[in-house]
Every structure is written in structure tokens, then in C-alpha cells.
Amino acid sequence: MSMIPPAGSATLEVRALSKTYTGRGEPVEAIRQLDFKISAGELVCIVGPSGAGKTTLLRCLAGLLTPSSGEIVLAGTTISGPPPGLAVVLQEYGRSLFPWLTVAENIELPLKEKRIPRSRRLELVAEALAAVSLAGEGEKYPWQLSGGMQQRVAIARAVAYEPQVLLMDEPFAAVDAQTRFELEDLVRSLWERLGVTVVFVTHDIDEAIYLGERVLVLSGRPTVIFEDVHVNLGAQRSQIETRSDAEFARLRTHVYELVQAAKHGARTVAEAHISH
Ligand code: ADP
């Protein structure tokens with residue numbers, strides 16, 4: 001299988017990010033003064049209780065939502081709209097793929113928008129399909145594939161785009177457990193091969209620890225970073241060994257306690273009375 005050339009990666013910095021939804025009714029302060037930095041080539045997971053502002057944060061990172069204040073800096077430039085060099089994979093793969101286009105055409109479409117010449121586009125599509133183990137499926141339509149395969153197509157589309165930053169928002173929430181494990185391993189192996197910066201949002205604590213080099217735990221609303229947890233599980237992870245590792249168990253308990261405390265409104269570790 002030919003390797004996809006390294007896409008390069010970029011540092012992502014969130015500076016004093018706040019987002020309050022205004023509209024009809026009471027304003028909702030979703031995120032307050034959020035600060036963090038993700039280095040180029042890091043794989044960082046973001047967890048937090050439901051309603052903590054994970055989707056709001058991700059939409060801001062993707063340039064789809066304008067912050068109320070603060071800024072997001074990608075590779076040194078403040079973003080003001082969907083930045084080039086950034087690809088997003090969402091939970092709802094069913095809705096993110098065009099049913100009237102084949103799998104290959106779906107992957108190729110953003111490359112056309114990027115004005116990549118046809119011969120290179122075909123190469124990128126073939127490489128991306130191979131990377132997600134879907135070589136030979138390009139002529140099928142998305143609706144002819146299982147949910148897990150459709151999500152692989154969405155990942156292939158993001159990878160073919162050669163992003164510097166890959167944002168994923170609960171991408172595996174709708175697939176069965178076995179497929180989910182396979183897709184998690186796929187994300188780790190693509191991350192290792194491409195060297196891309198990955199931000200992965202999930203409410204699943206085990207998934208966050210299994211995947212991440214760091215796990216940012218969000219507080220309850222208005223959301224701040226509750227704790228930045230470093231995951232020392234090594235580069236080689238395996239669904240069976242890593243998940244039965246004592247360090248995995250320790251991290252899981254710790255992050256679980258944090259998320260529970262966040263659910264009950266704690267916004268600092270001191271407030272939450274959590275041991276390390
Ligand atoms: P999460 O993804 O962690 O579940 P969200 O980012 O979806 O959290 O939501 C954070 C908070 O912002 C919630 O209280 C939610 O009700 C509110 N919210 C999200 N979108 C809107 C919107 N368009 N208008 C008003 N409030 C919103």
C-alpha cells in the first residue's frame with residue numbers, strides 16, 4: 001500500500017475563548033474564557049459532561065461559529081471562518097456524505113474545491129481509500145455500505161484533503177462497539193502515519209484515554225478547562241492490553257471523577273475534592 005505523504009501539521013491555540021448564545025429568551029453562556037494550546041502533531045481528546053459546550057467549542061475551532069470574544073489561532077493566524085488546512089469528521093456520517101455521489105466522488109469533491117489537478121486527485125482518493133481499508137469500494141454509493149464503512153469514507157475524505165488539523169466530533173457514537181474499536185485503532189494509525197494534529201471530542205471517557213496523548217476535561221457550564229490530563233500509555237496501544245493496563249484504570253477513575261464533579265457544577269479541581 002502506498003503511503004500518503006505527510007500532510008504537515010499545525011499548532012492550534014485557543015485564547016480566552018468565550019461563547020454566549022443570544023437570541024430569543026435568556027442568553028446561554030456556553031464557554032467562558034477557555035485557554036489551551038495543542039502542539040503540532042499532537043492527538044488531544046476533549047471530554048466533558050453533556051451540555052458542557054463540546055460541540056460549541058468544536059464549531060468554533062472549525063470556524064463555523066464566531067466566538068463572542070477571544071480567538072482561535074491556527075498555525076499563527078487567527079481564524080475568521082473555516083480555515084484551509086482543517087478537516088472535520090462529524091458523528092452523523094449518514095448526513096455528511098452525498099447519496100447521489102459514489103464513495104470516490106464524495107472523497108474527491110473537497111479536492112476539486114481545493115483545485116487539485118485531476119491526476120493527483122485520483123491518487124489521493126485511492127490512497128485514502130486504501131488507508132481506511134476500503135480499496136475497491138470507490139464505485140459504490142454510500143447507502144450500499146454499512147454505518148461503520150460510511151464513517152470510514154468520511155475519515156478517508158478528511159485524510160485525502162491532507163489537513164494540518166483534523167477535528168472529530170463524537171465520530172463513532174453511532175456505530176456498534178466492535179466497529180468503534182476498529183475505527184479508534186484506525187485513527188491512531190492514521191495519526192501516526194500522517195503526523196497530523198488531531199482534536200477528538202467525545203463523551204466516552206475510555207475512548208478519550210485510549211486515543212489521546214492528552215485529555216482535556218471540560219467543566220460544567222460556563223465551560224473552562226477543568227484539568228489537562230497527560231496520558232502515559234505509550235505509543236503502541238492495543239484494545240486488549242492497553243485497556244487492561246493499571247495506568248489505564250487509574251486514568252479512567254480519575255477522569256470519571258472529574259466528569260462527575262463537572263456534572264455537579266464544579267469548575268476547579270480544588271472544588272471537586274479529587275485525589276490524584
Ligand atoms: P455538548 O456538545 O457538550 O453537549 P453543546 O456545545 O451542544 O454541548 O451545548 C452547550 C450549551 O449551549 C448547552 O447548554 C446548550 O443548550 C447551549 N446551546 C447550544 N447551541 C445553542 C444554540 N444554538 N442556541 C442556544 N443555546 C445553545
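Counting starts at 1 for both ligands and their atoms, in listed order. Numbers here are sequence positions counted from 1.
- With respect to the salt-bridge test (charged N to carboxylate O, under 4.0 angstrom), the residues R243 and E184 qualify.
- Pairs passing the ring-ring contact (aromatic ring centres under 6.0 Å, His included) check and including a residue from residues 127-158, sequence neighbours excluded, read Y141-W143.
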I would like to know whether F226 and L218 meet side chain to side chain contact (heavy atoms under 4.5 Å, CB included); could you show each step before the answer? CA-CA 5 Å; F226 202 179; L218 300 182; 5.9 Å; no

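- Taking CZ of R250 as the reference point, atom CD1 of I209 lies at 9.5 Å (rounded to 0.5 Å).
- How far CD of E213 is from CG of L233: 8.5 Å, rounded to the nearest 0.5 Å.
- A distance of 13.0 Å separates CG of D245 from CZ of R252, quoted to the nearest 0.5 Å.
- A heavy-atom cutoff of 4.0 Å around ligand 1 is satisfied by the protein residues Y21, V28, A30, P49, S50, G51, A52, G53, K54, T55, T56, R221.
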